[in-house]
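See structure below.
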Amino acid sequence: MVSGNDLEAALDQVCAHAAGPVAGVFGPDTVTWRIDREAVIFLGAGRALLLQLAHPWVAAAIAEHSTTFADPIGRFHRTFGIVFAMVFGSLDRALLSSRQLHRRHGMIVGEMPETVGPFAAGSHYCANDIPSLRWVHATLVETALMAHDLVLASLSAEERERYWAESRMFGVLFGLTADDLPADWAGFAAYTAAMAQSETLTVSAAAREIATQIFTGARPWLRPPRWYRALSARMLPERLRAGFGFELDERDIKAADNALRWIRRVYPRLPDRLRYVGPYQEAQARLRGETQPDWMTRCLNRAWIGRPQMDVRGKG
């Protein structure tokens with residue numbers, strides 16, 4: 001488990017290696033900013049969620065503790081608000097978000113309602129468990145790069161190594177240490193490949209129910225379009241796709257292919273103001289010494305994180 005003391009020790013490392021109080025943990029010269037600023041990484045949000053649900057502890061925690069069904073947009077904003085604050089926020093904002101996430105995870109404890117894979121009924125789960133945190137972290141890191149490379153030029157081998165080195169620092173914000181994460185990109189790829197084939201990832205009935213509610217549920221105005229559902233399913237390992245019960249017919253495959261062709265043609269030509277997420281644009285304004293982002297950035301922030309400004313939030 002990651003204790004409060006463990007997290008504070010980890011955050012000392014963050015402060016020692018951060019880009020600066022204003023630039024935050026990473027800063028404008030990092031591969032992390034270059035990837036995470038792209039709105040197109042949202043193409044992978046469905047995949048990341050499904051991979052997380054495939055971990056029985058995560059699925060049980062979401063089923064018992066999350067407001068995903070009652071408030072799906074609110075959960076989207078809270079999730080992206082924390083991630084973007086860690087990546088694009090000032091150093092103080094990133095540290096605050098890390099502590100908020102740890103406290104929130106500390107309240108997510110319970111017992112498995114049934115045996116799923118290697119997890120026995122009645123066994124205890126906790127969101128601050130290191131193997132679970134490592135998997136959630138991995139889904140975010142791997143999927144962001146996969147979504148980026150679907151549309152934009154792929155990173156070079158050297159850039160991937162830089163990206164993973166920076167992602168290890170991102171993991172420190174979860175409370176993970178250097179010993180908890182692979183040392184290089186090859187080790188990370190081996191870890192995700194092994195997880196994809198291991199019984200640790202077993203799609204439970206709860207995971208299938210949550211996925212069904214999100215992707216084909218009873219709220220038509222929130223239901224992802226056919227092409228997005230198909231793309232999310234295609235990005236999964238085959239074993240997990242079958243576990244969730246995703247069946248892709250020719251119409252699904254064609255819809256995903258057509259959408260990708262259109263996105264690849266149009267997206268790189270978008271102006272930066274539309275292409276880059278609001279928190280990145282707020283970070284750039286902060287680096288220019290502006291005390292408040294302009295109206296368009298505030299509007300984009302409302303779409304991505306549910307509030308107009310990333311670095312203004314109540315304490316605690």
_Residue E199 excluded, over 12 heavy atoms near CD under 6.0 Å_ = no
*Should the pair F42 and F80 be assigned to parallel (<30°), tilted (30 to 60°) or perpendicular (>60°) ring geometry?*
tilted
*asked:* Would you call the rings of F170 and H137 parallel, tilted or perpendicular, taking 30° and 60° as the class edges?
replied: tilted
*Any donor and acceptor pair, going by atom type alone, linking the side chain of R307 with main-chain N or O of N301 inside 3.5 Å?*
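No, the answer is negative, given that no donor and acceptor are paired below the 3.5 Å cut-off.
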*Does any N or O in the side chain of W135 come within less than 3.5 Å of the main-chain N or O of L51, such that one atom is a donor and the other an acceptor?*
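Here the side-chain-to-backbone pair exists.
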*Distance under 6.0 Å and angle within 45° of the ring axis: does R241 meet both against F246?*
no
Is the closest basic N to carboxylate O distance between [X] and [Y] below 4.0 Å?
X: R298; Y: E282; result: no
X: R226; Y: D252; result: yes
X: D184; Y: R168; result: no

*Could you tell me whether H77 and F84 have their ring centroids closer than 6.0 angstrom?*
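No.
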*Indicate if M310 and V277 have the same hydrophobic cluster label, given that clusters are the connected sets of ILVMFWY residues with side-chain heavy-atom separations under 4.5 angstrom.*
yes
*So, E38 versus Y267: side-chain donor-acceptor pair below 3.5 Å or not?*
yes
